[in-house]
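Note that this is a predicted model, so its numbers are computed, not measured. Convention: sequence-line order gives letters A, B, ...; per-chain numbering from 1.
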Protein chains: 2
Amino acid sequence: MSEAAEDTGHATDGSGRRRGGDTRARIQQVALELFAEQGYEATSLREIAERLGVTKAALYYHFKSKEDIVLGITEDYFAEFDALIDWARAQPPSPATSREVVGRYLDIVRGGYEVFRFMERNQAAMRGSEGGKHRFEQFRPRLEALVGVLTGQDASLRTTVRVTTALLSVNFGWLFFCHPENLGDWPPSADPDELRSVVMEMASELLGV
Amino acid sequence: MSEAAEDTGHATDGSGRRRGGDTRARIQQVALELFAEQGYEATSLREIAERLGVTKAALYYHFKSKEDIVLGITEDYFAEFDALIDWARAQPPSPATSREVVGRYLDIVRGGYEVFRFMERNQAAMRGSEGGKHRFEQFRPRLEALVGVLTGQDASLRTTVRVTTALLSVNFGWLFFCHPENLGDWPPSADPDELRSVVMEMASELLGV
DNA sequence: GTCTATAGACGGATAGAC
DNA sequence: GTCTATCCGTCTATAGAC
(Lines give C-alpha, C1' and ligand atoms only; values in the text may rest on other atoms or scores of the structure.)
Protein backbone atom coordinates (compact mmCIF):
# COMPACT_ATOMS: atom_id res chain seq x y z
CA MET A 1 0.00 0.00 0.00
CA SER A 2 2.16 2.94 1.08
CA GLU A 3 5.71 1.72 1.44
CA ALA A 4 7.88 4.71 0.71
CA ALA A 5 6.11 4.75 -2.63
CA GLU A 6 4.21 7.50 -4.35
CA ASP A 7 0.63 8.15 -3.42
CA THR A 8 -0.24 11.30 -5.28
CA GLY A 9 0.44 10.09 -8.76
CA HIS A 10 2.90 12.84 -9.62
CA ALA A 11 5.32 12.21 -12.43
CA THR A 12 9.07 11.89 -12.19
CA ASP A 13 11.34 14.16 -14.21
CA GLY A 14 13.37 13.13 -17.22
CA SER A 15 16.28 11.76 -15.18
CA GLY A 16 14.01 9.57 -13.10
CA ARG A 17 14.52 11.56 -9.90
CA ARG A 18 11.63 11.96 -7.52
CA ARG A 19 9.54 15.05 -7.88
CA GLY A 20 6.74 17.03 -6.40
CA GLY A 21 4.15 15.13 -4.43
CA ASP A 22 6.39 12.47 -3.03
CA THR A 23 7.80 14.90 -0.50
CA ARG A 24 4.84 14.00 1.65
CA ALA A 25 5.73 10.33 1.51
CA ARG A 26 9.39 11.04 2.23
CA ILE A 27 8.44 12.99 5.32
CA GLN A 28 6.37 10.07 6.55
CA GLN A 29 9.14 7.61 5.85
CA VAL A 30 11.80 9.57 7.70
CA ALA A 31 9.48 10.42 10.56
CA LEU A 32 8.54 6.79 10.98
CA GLU A 33 12.16 5.70 11.21
CA LEU A 34 13.01 8.31 13.80
CA PHE A 35 9.84 7.70 15.79
CA ALA A 36 10.62 3.99 15.91
CA GLU A 37 14.24 4.46 16.90
CA GLN A 38 14.01 7.30 19.38
CA GLY A 39 10.37 7.43 20.29
CA TYR A 40 7.53 9.62 19.10
CA GLU A 41 7.77 12.29 21.78
CA ALA A 42 11.55 12.28 21.82
CA THR A 43 11.73 13.07 18.12
CA SER A 44 11.24 16.69 17.16
CA LEU A 45 10.02 18.07 13.88
CA ARG A 46 13.30 19.93 13.64
CA GLU A 47 15.11 16.59 13.56
CA ILE A 48 12.88 15.24 10.84
CA ALA A 49 13.24 18.39 8.78
CA GLU A 50 17.00 18.38 9.14
CA ARG A 51 17.33 14.84 7.92
CA LEU A 52 15.26 15.75 4.89
CA GLY A 53 17.22 18.92 4.25
CA VAL A 54 14.24 21.21 4.70
CA THR A 55 12.91 23.37 7.51
CA LYS A 56 10.22 22.72 10.05
CA ALA A 57 7.85 25.12 8.39
CA ALA A 58 7.95 23.05 5.24
CA LEU A 59 6.55 20.10 7.15
CA TYR A 60 3.56 22.17 8.10
CA TYR A 61 2.75 22.67 4.48
CA HIS A 62 2.21 18.93 4.14
CA PHE A 63 0.82 18.09 7.57
CA LYS A 64 -1.16 20.21 9.93
CA SER A 65 0.45 18.75 13.05
CA LYS A 66 2.92 16.21 14.33
CA GLU A 67 0.14 13.77 15.12
CA ASP A 68 -1.10 14.13 11.59
CA ILE A 69 2.08 12.64 10.19
CA VAL A 70 1.46 9.46 12.12
CA LEU A 71 -2.23 9.37 11.39
CA GLY A 72 -1.60 9.38 7.68
CA ILE A 73 0.71 6.42 8.00
CA THR A 74 -1.25 4.17 10.31
CA GLU A 75 -4.60 4.63 8.60
CA ASP A 76 -3.62 2.48 5.63
CA TYR A 77 -2.68 -0.44 7.80
CA PHE A 78 -5.73 -0.28 9.97
CA ALA A 79 -7.74 -0.32 6.78
CA GLU A 80 -5.95 -3.50 5.77
CA PHE A 81 -6.89 -5.07 9.07
CA ASP A 82 -10.48 -4.04 8.59
CA ALA A 83 -10.50 -5.68 5.19
CA LEU A 84 -9.06 -8.84 6.70
CA ILE A 85 -11.71 -8.86 9.41
CA ASP A 86 -14.46 -8.49 6.85
CA TRP A 87 -12.99 -11.25 4.75
CA ALA A 88 -12.62 -13.57 7.74
CA ARG A 89 -16.21 -13.03 8.79
CA ALA A 90 -17.40 -13.98 5.33
CA GLN A 91 -15.60 -17.32 5.36
CA PRO A 92 -17.00 -20.55 6.72
CA PRO A 93 -15.23 -21.32 10.01
CA SER A 94 -12.63 -24.01 9.50
CA PRO A 95 -9.02 -24.80 10.35
CA ALA A 96 -8.04 -23.84 6.81
CA THR A 97 -9.73 -20.48 7.18
CA SER A 98 -7.96 -19.86 10.47
CA ARG A 99 -4.58 -20.57 8.96
CA GLU A 100 -5.37 -18.33 6.05
CA VAL A 101 -6.34 -15.50 8.39
CA VAL A 102 -3.07 -15.80 10.26
CA GLY A 103 -1.16 -15.92 6.99
CA ARG A 104 -2.81 -12.74 5.78
CA TYR A 105 -2.20 -11.12 9.12
CA LEU A 106 1.48 -11.88 8.76
CA ASP A 107 1.52 -10.46 5.26
CA ILE A 108 0.10 -7.18 6.51
CA VAL A 109 2.82 -6.98 9.12
CA ARG A 110 5.43 -7.85 6.51
CA GLY A 111 4.24 -5.06 4.28
CA GLY A 112 4.35 -2.49 7.04
CA TYR A 113 7.46 -3.43 8.92
CA GLU A 114 8.44 0.10 9.92
CA VAL A 115 4.92 1.05 10.89
CA PHE A 116 4.46 -1.93 13.18
CA ARG A 117 7.85 -1.45 14.70
CA PHE A 118 6.85 2.10 15.43
CA MET A 119 3.56 1.02 17.00
CA GLU A 120 5.14 -1.65 19.13
CA ARG A 121 7.74 0.67 20.55
CA ASN A 122 5.42 3.59 21.12
CA GLN A 123 2.37 1.99 22.66
CA ALA A 124 2.28 4.53 25.42
CA ALA A 125 2.42 7.44 23.01
CA MET A 126 -0.31 5.90 20.86
CA ARG A 127 -2.60 5.52 23.84
CA GLY A 128 -1.62 8.90 25.24
CA SER A 129 -4.77 10.44 26.63
CA GLU A 130 -3.49 13.80 27.71
CA GLY A 131 -6.56 15.66 28.80
CA GLY A 132 -8.95 13.21 27.18
CA LYS A 133 -7.55 13.42 23.68
CA HIS A 134 -8.25 10.31 21.68
CA ARG A 135 -5.06 9.93 19.60
CA PHE A 136 -4.34 6.96 17.44
CA GLU A 137 -5.02 3.91 19.54
CA GLN A 138 -6.96 1.70 17.22
CA PHE A 139 -5.16 -1.60 17.30
CA ARG A 140 -6.96 -3.20 20.21
CA PRO A 141 -10.44 -3.25 18.68
CA ARG A 142 -9.05 -4.84 15.53
CA LEU A 143 -7.26 -7.49 17.51
CA GLU A 144 -10.40 -8.15 19.49
CA ALA A 145 -12.41 -8.55 16.31
CA LEU A 146 -9.93 -10.96 14.76
CA VAL A 147 -9.72 -13.03 17.90
CA GLY A 148 -13.48 -13.11 18.03
CA VAL A 149 -13.72 -14.42 14.49
CA LEU A 150 -11.13 -17.09 15.17
CA THR A 151 -12.55 -18.30 18.46
CA GLY A 152 -16.25 -18.01 17.81
CA GLN A 153 -18.60 -16.91 20.55
CA ASP A 154 -18.33 -17.71 24.24
CA ALA A 155 -14.77 -18.92 24.01
CA SER A 156 -13.03 -20.10 27.15
CA LEU A 157 -10.21 -18.11 28.68
CA ARG A 158 -7.80 -20.74 27.46
CA THR A 159 -8.94 -20.38 23.88
CA THR A 160 -8.95 -16.60 23.99
CA VAL A 161 -5.45 -16.44 25.42
CA ARG A 162 -4.09 -18.93 22.92
CA VAL A 163 -5.60 -17.27 19.88
CA THR A 164 -4.56 -13.81 21.01
CA THR A 165 -1.08 -15.07 21.64
CA ALA A 166 -0.99 -16.73 18.24
CA LEU A 167 -1.68 -13.46 16.46
CA LEU A 168 0.65 -11.41 18.60
CA SER A 169 3.39 -14.01 18.29
CA VAL A 170 3.16 -13.74 14.54
CA ASN A 171 3.33 -9.99 14.87
CA PHE A 172 6.18 -9.87 17.31
CA GLY A 173 8.03 -12.84 15.85
CA TRP A 174 8.29 -11.15 12.52
CA LEU A 175 9.43 -7.82 13.90
CA PHE A 176 11.89 -9.40 16.25
CA PHE A 177 13.62 -11.82 13.93
CA CYS A 178 13.32 -10.25 10.51
CA HIS A 179 15.27 -7.11 11.14
CA PRO A 180 17.53 -4.77 9.28
CA GLU A 181 18.45 -3.65 12.79
CA ASN A 182 21.66 -1.96 13.58
CA LEU A 183 21.85 -3.52 17.00
CA GLY A 184 24.12 -6.32 18.20
CA ASP A 185 24.21 -9.85 16.86
CA TRP A 186 21.16 -11.07 18.70
CA PRO A 187 18.56 -12.04 17.83
CA PRO A 188 19.88 -13.62 14.65
CA SER A 189 18.45 -12.16 11.47
CA ALA A 190 16.40 -14.85 9.82
CA ASP A 191 15.67 -15.83 6.26
CA PRO A 192 12.16 -14.51 5.56
CA ASP A 193 10.78 -17.72 4.08
CA GLU A 194 12.13 -19.91 6.82
CA LEU A 195 10.93 -17.50 9.47
CA ARG A 196 7.50 -17.44 7.94
CA SER A 197 7.12 -21.20 8.14
CA VAL A 198 8.41 -21.34 11.71
CA VAL A 199 6.05 -18.61 12.81
CA MET A 200 3.08 -20.08 11.02
CA GLU A 201 3.74 -23.44 12.59
CA MET A 202 3.71 -21.89 16.05
CA ALA A 203 0.50 -20.02 15.34
CA SER A 204 -1.20 -23.14 14.05
CA GLU A 205 -0.32 -25.03 17.20
CA LEU A 206 -1.61 -22.24 19.39
CA LEU A 207 -4.82 -22.07 17.39
CA GLY A 208 -5.18 -25.82 17.65
CA VAL A 209 -5.64 -26.29 13.92
CA MET B 1 11.48 -6.65 46.45
CA SER B 2 10.39 -3.03 46.02
CA GLU B 3 6.66 -2.92 45.54
CA ALA B 4 5.59 0.44 46.93
CA ALA B 5 7.13 -0.79 50.16
CA GLU B 6 9.74 0.83 52.36
CA ASP B 7 13.38 0.63 51.46
CA THR B 8 15.06 2.96 53.88
CA GLY B 9 14.01 1.28 57.07
CA HIS B 10 12.34 4.36 58.55
CA ALA B 11 9.79 3.84 61.26
CA THR B 12 6.09 4.64 61.11
CA ASP B 13 4.54 6.97 63.64
CA GLY B 14 2.22 6.00 66.49
CA SER B 15 -0.92 5.93 64.34
CA GLY B 16 0.63 3.69 61.74
CA ARG B 17 0.74 6.34 59.03
CA ARG B 18 3.62 6.37 56.60
CA ARG B 19 6.51 8.58 57.46
CA GLY B 20 9.82 9.85 56.26
CA GLY B 21 11.71 7.71 53.84
CA ASP B 22 8.81 6.23 51.97
CA THR B 23 8.33 9.43 50.01
CA ARG B 24 10.94 8.11 47.65
CA ALA B 25 8.95 4.95 47.04
CA ARG B 26 5.72 6.91 46.58
CA ILE B 27 7.36 9.03 43.94
CA GLN B 28 8.47 5.91 42.08
CA GLN B 29 5.04 4.36 42.33
CA VAL B 30 3.20 7.40 41.00
CA ALA B 31 5.78 8.05 38.32
CA LEU B 32 5.57 4.47 37.14
CA GLU B 33 1.80 4.63 36.79
CA LEU B 34 1.92 7.83 34.80
CA PHE B 35 4.81 6.67 32.65
CA ALA B 36 2.91 3.50 31.81
CA GLU B 37 -0.34 5.27 31.01
CA GLN B 38 0.86 8.33 29.17
CA GLY B 39 4.41 7.50 28.22
CA TYR B 40 7.73 8.42 29.76
CA GLU B 41 8.44 11.51 27.68
CA ALA B 42 4.85 12.68 27.73
CA THR B 43 4.77 12.73 31.53
CA SER B 44 6.34 15.76 33.16
CA LEU B 45 7.82 16.02 36.60
CA ARG B 46 5.27 18.72 37.31
CA GLU B 47 2.50 16.17 36.76
CA ILE B 48 4.10 13.65 39.08
CA ALA B 49 4.67 16.27 41.73
CA GLU B 50 1.10 17.54 41.49
CA ARG B 51 -0.38 14.10 41.97
CA LEU B 52 1.74 13.69 45.07
CA GLY B 53 0.85 17.11 46.39
CA VAL B 54 4.41 18.36 46.34
CA THR B 55 6.49 20.52 44.01
CA LYS B 56 8.93 19.60 41.30
CA ALA B 57 11.86 20.72 43.38
CA ALA B 58 10.97 18.19 46.05
CA LEU B 59 11.46 15.39 43.55
CA TYR B 60 15.00 16.57 42.98
CA TYR B 61 15.78 15.99 46.61
CA HIS B 62 15.10 12.29 46.13
CA PHE B 63 16.31 11.81 42.56
CA LYS B 64 18.95 13.66 40.64
CA SER B 65 17.07 13.45 37.33
CA LYS B 66 13.98 12.11 35.62
CA GLU B 67 15.90 9.15 34.27
CA ASP B 68 17.06 8.37 37.76
CA ILE B 69 13.51 7.70 38.91
CA VAL B 70 13.18 4.95 36.35
CA LEU B 71 16.63 3.54 36.96
CA GLY B 72 15.85 3.02 40.61
CA ILE B 73 12.73 1.08 39.73
CA THR B 74 13.99 -1.17 36.98
CA GLU B 75 17.27 -2.16 38.62
CA ASP B 76 15.58 -4.47 41.10
CA TYR B 77 13.85 -6.43 38.39
CA PHE B 78 16.88 -6.77 36.20
CA ALA B 79 18.66 -8.10 39.24
CA GLU B 80 15.96 -10.71 39.63
CA PHE B 81 16.47 -11.76 36.02
CA ASP B 82 20.19 -12.02 36.60
CA ALA B 83 19.58 -14.25 39.58
CA LEU B 84 17.29 -16.43 37.49
CA ILE B 85 19.89 -16.70 34.75
CA ASP B 86 22.54 -17.74 37.24
CA TRP B 87 20.22 -20.30 38.76
CA ALA B 88 19.25 -21.71 35.37
CA ARG B 89 22.86 -22.10 34.35
CA ALA B 90 23.58 -24.08 37.47
CA GLN B 91 20.82 -26.61 36.81
CA PRO B 92 21.18 -29.75 34.76
CA PRO B 93 19.36 -29.24 31.44
CA SER B 94 16.06 -31.04 31.47
CA PRO B 95 12.41 -30.47 30.61
CA ALA B 96 11.65 -30.01 34.29
CA THR B 97 14.34 -27.35 34.57
CA SER B 98 12.95 -25.53 31.55
CA ARG B 99 9.48 -25.46 32.98
CA GLU B 100 10.82 -24.24 36.28
CA VAL B 101 12.70 -21.42 34.55
CA VAL B 102 9.56 -20.30 32.78
CA GLY B 103 7.60 -20.50 36.00
CA ARG B 104 10.10 -18.31 37.79
CA TYR B 105 10.14 -15.92 34.88
CA LEU B 106 6.39 -15.56 35.20
CA ASP B 107 6.68 -14.96 38.92
CA ILE B 108 9.09 -12.11 38.34
CA VAL B 109 6.65 -10.51 35.92
CA ARG B 110 3.81 -11.06 38.37
CA GLY B 111 5.74 -9.32 41.09
CA GLY B 112 6.50 -6.32 38.93
CA TYR B 113 3.31 -5.82 37.01
CA GLU B 114 3.53 -2.02 36.77
CA VAL B 115 7.21 -2.06 35.92
CA PHE B 116 6.81 -4.48 33.05
CA ARG B 117 3.79 -2.67 31.77
CA PHE B 118 5.88 0.46 31.74
CA MET B 119 8.73 -1.23 29.92
CA GLU B 120 6.48 -2.78 27.31
CA ARG B 121 4.80 0.48 26.48
CA ASN B 122 7.94 2.58 26.46
CA GLN B 123 10.38 0.48 24.51
CA ALA B 124 11.36 3.40 22.33
CA ALA B 125 12.06 5.62 25.31
CA MET B 126 14.08 2.86 27.00
CA ARG B 127 16.23 2.36 23.93
CA GLY B 128 16.43 6.08 23.20
CA SER B 129 19.98 6.83 22.13
CA GLU B 130 19.82 10.56 21.75
CA GLY B 131 23.35 11.54 20.98
CA GLY B 132 24.73 8.16 22.00
CA LYS B 133 23.33 8.10 25.52
CA HIS B 134 22.88 4.60 26.86
CA ARG B 135 19.70 4.90 28.92
CA PHE B 136 17.97 2.00 30.56
CA GLU B 137 17.69 -0.64 27.86
CA GLN B 138 18.86 -3.79 29.52
CA PHE B 139 16.17 -6.31 28.79
CA ARG B 140 17.50 -7.73 25.55
CA PRO B 141 20.73 -9.17 26.92
CA ARG B 142 18.80 -10.89 29.71
CA LEU B 143 16.35 -12.36 27.26
CA GLU B 144 19.20 -13.54 25.09
CA ALA B 145 20.89 -15.19 28.05
CA LEU B 146 17.73 -16.99 29.14
CA VAL B 147 16.99 -18.19 25.64
CA GLY B 148 20.55 -19.41 25.39
CA VAL B 149 20.25 -21.44 28.56
CA LEU B 150 16.98 -22.97 27.42
CA THR B 151 18.07 -23.86 23.90
CA GLY B 152 21.66 -24.86 24.47
CA GLN B 153 24.31 -24.00 21.93
CA ASP B 154 23.92 -23.88 18.17
CA ALA B 155 20.16 -23.95 18.26
CA SER B 156 18.22 -23.84 15.01
CA LEU B 157 16.22 -20.79 14.01
CA ARG B 158 13.09 -22.75 14.75
CA THR B 159 14.15 -23.51 18.30
CA THR B 160 15.35 -19.99 18.97
CA VAL B 161 12.14 -18.46 17.73
CA ARG B 162 9.98 -20.87 19.70
CA VAL B 163 11.83 -20.43 22.96
CA THR B 164 11.95 -16.66 22.63
CA THR B 165 8.26 -16.62 21.85
CA ALA B 166 7.56 -18.84 24.84
CA LEU B 167 9.17 -16.39 27.24
CA LEU B 168 7.67 -13.32 25.66
CA SER B 169 4.25 -14.92 25.50
CA VAL B 170 4.42 -15.54 29.21
CA ASN B 171 5.44 -11.95 29.68
CA PHE B 172 2.85 -10.44 27.42
CA GLY B 173 0.12 -12.91 28.29
CA TRP B 174 0.28 -11.97 31.90
CA LEU B 175 0.30 -8.24 31.30
CA PHE B 176 -2.46 -8.43 28.74
CA PHE B 177 -4.94 -10.62 30.57
CA CYS B 178 -4.27 -9.97 34.24
CA HIS B 179 -5.12 -6.33 34.30
CA PRO B 180 -6.56 -3.83 36.68
CA GLU B 181 -6.96 -1.79 33.52
CA ASN B 182 -9.43 0.98 33.22
CA LEU B 183 -10.02 0.29 29.57
CA GLY B 184 -13.03 -1.35 27.91
CA ASP B 185 -14.24 -4.87 28.52
CA TRP B 186 -11.70 -6.58 26.33
CA PRO B 187 -9.57 -8.47 26.88
CA PRO B 188 -11.42 -10.19 29.73
CA SER B 189 -9.71 -9.93 33.07
CA ALA B 190 -8.65 -13.41 34.05
CA ASP B 191 -8.40 -15.30 37.30
CA PRO B 192 -4.69 -15.33 38.14
CA ASP B 193 -4.42 -19.02 38.88
CA GLU B 194 -6.29 -20.07 35.78
CA LEU B 195 -4.30 -17.66 33.64
CA ARG B 196 -1.09 -19.00 35.05
CA SER B 197 -1.88 -22.56 34.06
CA VAL B 198 -3.02 -21.53 30.58
CA VAL B 199 0.10 -19.50 29.99
CA MET B 200 2.40 -22.17 31.34
CA GLU B 201 0.79 -24.76 29.12
CA MET B 202 1.42 -22.61 26.06
CA ALA B 203 5.01 -22.02 27.03
CA SER B 204 5.62 -25.72 27.59
CA GLU B 205 4.30 -26.54 24.14
CA LEU B 206 6.48 -23.90 22.55
CA LEU B 207 9.51 -25.16 24.45
CA GLY B 208 8.70 -28.69 23.38
CA VAL B 209 8.84 -30.06 26.91
C1' DG C 1 6.40 24.70 -1.92
C1' DT C 2 9.88 26.35 0.82
C1' DC C 3 11.94 29.90 3.50
C1' DT C 4 12.99 33.33 7.89
C1' DA C 5 11.48 34.76 12.06
C1' DT C 6 9.05 34.46 16.09
C1' DA C 7 5.35 33.69 19.17
C1' DG C 8 4.00 31.21 23.18
C1' DA C 9 4.21 27.41 26.13
C1' DC C 10 6.37 24.01 28.73
C1' DG C 11 10.13 21.04 29.70
C1' DG C 12 14.18 19.64 33.06
C1' DA C 13 17.02 21.33 36.29
C1' DT C 14 19.20 24.50 40.02
C1' DA C 15 19.78 28.10 43.91
C1' DG C 16 18.84 29.27 48.20
C1' DA C 17 15.36 30.34 51.98
C1' DC C 18 12.97 28.01 55.69
C1' DG D 1 12.62 17.61 53.26
C1' DT D 2 9.98 20.83 51.10
C1' DC D 3 9.20 25.35 49.23
C1' DT D 4 9.51 29.74 45.89
C1' DA D 5 11.59 31.59 42.18
C1' DT D 6 14.00 31.34 38.16
C1' DC D 7 17.25 29.98 34.32
C1' DC D 8 17.67 28.31 29.95
C1' DG D 9 16.71 25.26 26.46
C1' DT D 10 13.53 23.14 23.18
C1' DC D 11 9.25 22.28 21.46
C1' DT D 12 4.96 22.87 18.39
C1' DA D 13 2.89 25.89 15.60
C1' DT D 14 2.01 30.20 12.91
C1' DA D 15 2.72 34.62 10.05
C1' DG D 16 4.19 36.32 6.09
C1' DA D 17 7.95 37.03 2.41
C1' DC D 18 9.60 34.92 -1.87
Side-chain angles (χ1 to χ4, degrees), chain A residues 6-13 17-31 34-35 38-72 122 124-125 128-131 133 135-136, chain B residues 6-13 17-31 34-35 38-72 122 124-125 128-131 133 135-136:
Chain A
E6 44 277 315
D7 62 345
T8 53
H10 279 234
T12 58
D13 64 15
R17 278 184 48 253
R18 292 172 292 191
R19 284 293 304 282
D22 83 337
T23 297
R24 188 186 160 91
R26 285 172 57 227
I27 292 170
Q28 290 178 317
Q29 186 192 358
V30 167
L34 290 173
F35 289 162
Q38 309 177 337
Y40 174 75
E41 318 271 5
T43 303
S44 66
L45 296 179
R46 178 188 53 74
E47 239 177 319
I48 297 169
E50 261 173 24
R51 185 171 290 201
L52 283 164
V54 297
T55 62
K56 271 195 300 177
L59 304 185
Y60 279 96
Y61 173 81
H62 297 279
F63 300 95
K64 76 176 212 296
S65 71
K66 188 181 180 183
E67 268 196 49
D68 223 45
I69 299 177
V70 174
L71 258 315
N122 290 277
S129 59
E130 56 177 70
K133 279 174 66 182
R135 258 220 177 88
F136 24 66
Chain B
E6 45 278 313
D7 62 345
T8 52
H10 280 235
T12 57
D13 63 16
R17 278 183 49 253
R18 290 174 292 188
R19 285 293 306 280
D22 83 335
T23 298
R24 187 185 160 89
R26 286 172 57 227
I27 292 171
Q28 289 179 317
Q29 185 192 358
V30 167
L34 290 173
F35 290 162
Q38 308 177 338
Y40 173 74
E41 316 271 6
T43 303
S44 66
L45 295 178
R46 178 187 53 73
E47 236 176 322
I48 297 168
E50 260 172 25
R51 184 170 289 202
L52 284 163
V54 297
T55 62
K56 270 196 301 179
L59 304 185
Y60 279 97
Y61 173 81
H62 296 280
F63 299 95
K64 77 175 209 296
S65 72
K66 189 182 182 183
E67 269 196 46
D68 223 44
I69 299 177
V70 173
L71 258 316
N122 289 278
S129 57
E130 55 177 69
K133 277 173 67 181
R135 255 215 179 93
F136 24 67

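- In this structure, CG of L52(B) is placed 15 Å from P of dG1(D), rounded to the nearest angstrom.
- The side chain of Y61(A) places no N or O atom within less than 4.0 Å of a non-bridging phosphate oxygen (OP1 or OP2) of dT2(C).
- Of all heavy-atom pairs spanning E41(A) and A42(B), the tightest one is OE2-CB, 3.5 Å.
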Tabulate atom names and distances for all N/O pairs under 3.5 angstrom spanning the protein and nucleotides 16-18 of chain C.
none

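- Scanning for salt bridge (Lys or Arg N to Asp or Glu O under 4.0 Å) contacts around K56(A) gives an empty result, with sequence neighbours left out.
- The side chain to side chain contact (heavy atoms under 4.5 Å, CB included) test applied to Y60(B) returns L45(B), not counting sequence neighbours.
- The side chain of T55(B) contributes no N or O atom lying less than 4.0 Å from OP1 or OP2 of dG1(D).
- Between the side chain of Y40(A) and the backbone N or O of E67(A), at least one donor-acceptor pair lies under 3.5 Å.
- Minimum heavy-atom separation, T43(B) to L34(B): OG1-O, 3.3 Å.
- Taking the side chain to side chain donor-acceptor pair (under 3.5 Å) definition, one finds that R46(A) meets it with E50(A), sequence neighbours left out.
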Is there any protein nitrogen or oxygen under 3.5 Å from a nitrogen or oxygen in nucleotides 10-13 of chain D, and what are the pairs?
residue	atom	partner	partner atom	Å
dC11(D)	OP1	S44(A)	OG	3.2
dC11(D)	OP1	R46(A)	NH2	3.4
dC11(D)	OP2	R46(A)	NE	3.0
dT12(D)	OP1	K66(A)	NZ	3.1
dT12(D)	OP2	L45(A)	N	3.0
dT12(D)	O4	K56(A)	NZ	3.3
dA13(D)	OP2	Y60(A)	OH	2.8
dA13(D)	OP2	K66(A)	N	3.0
dA13(D)	O5'	Y60(A)	OH	3.2
dA13(D)	N6	K56(A)	NZ	3.2

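- Between N122(A) and G39(A), the closest heavy-atom pair is OD1-CA, 3.3 Å.
- Remark: F63(A) pairs with no residue by the ring pair (Phe, Tyr, Trp, His ring centres under 6.0 Å) rule, at least two apart or across chains.
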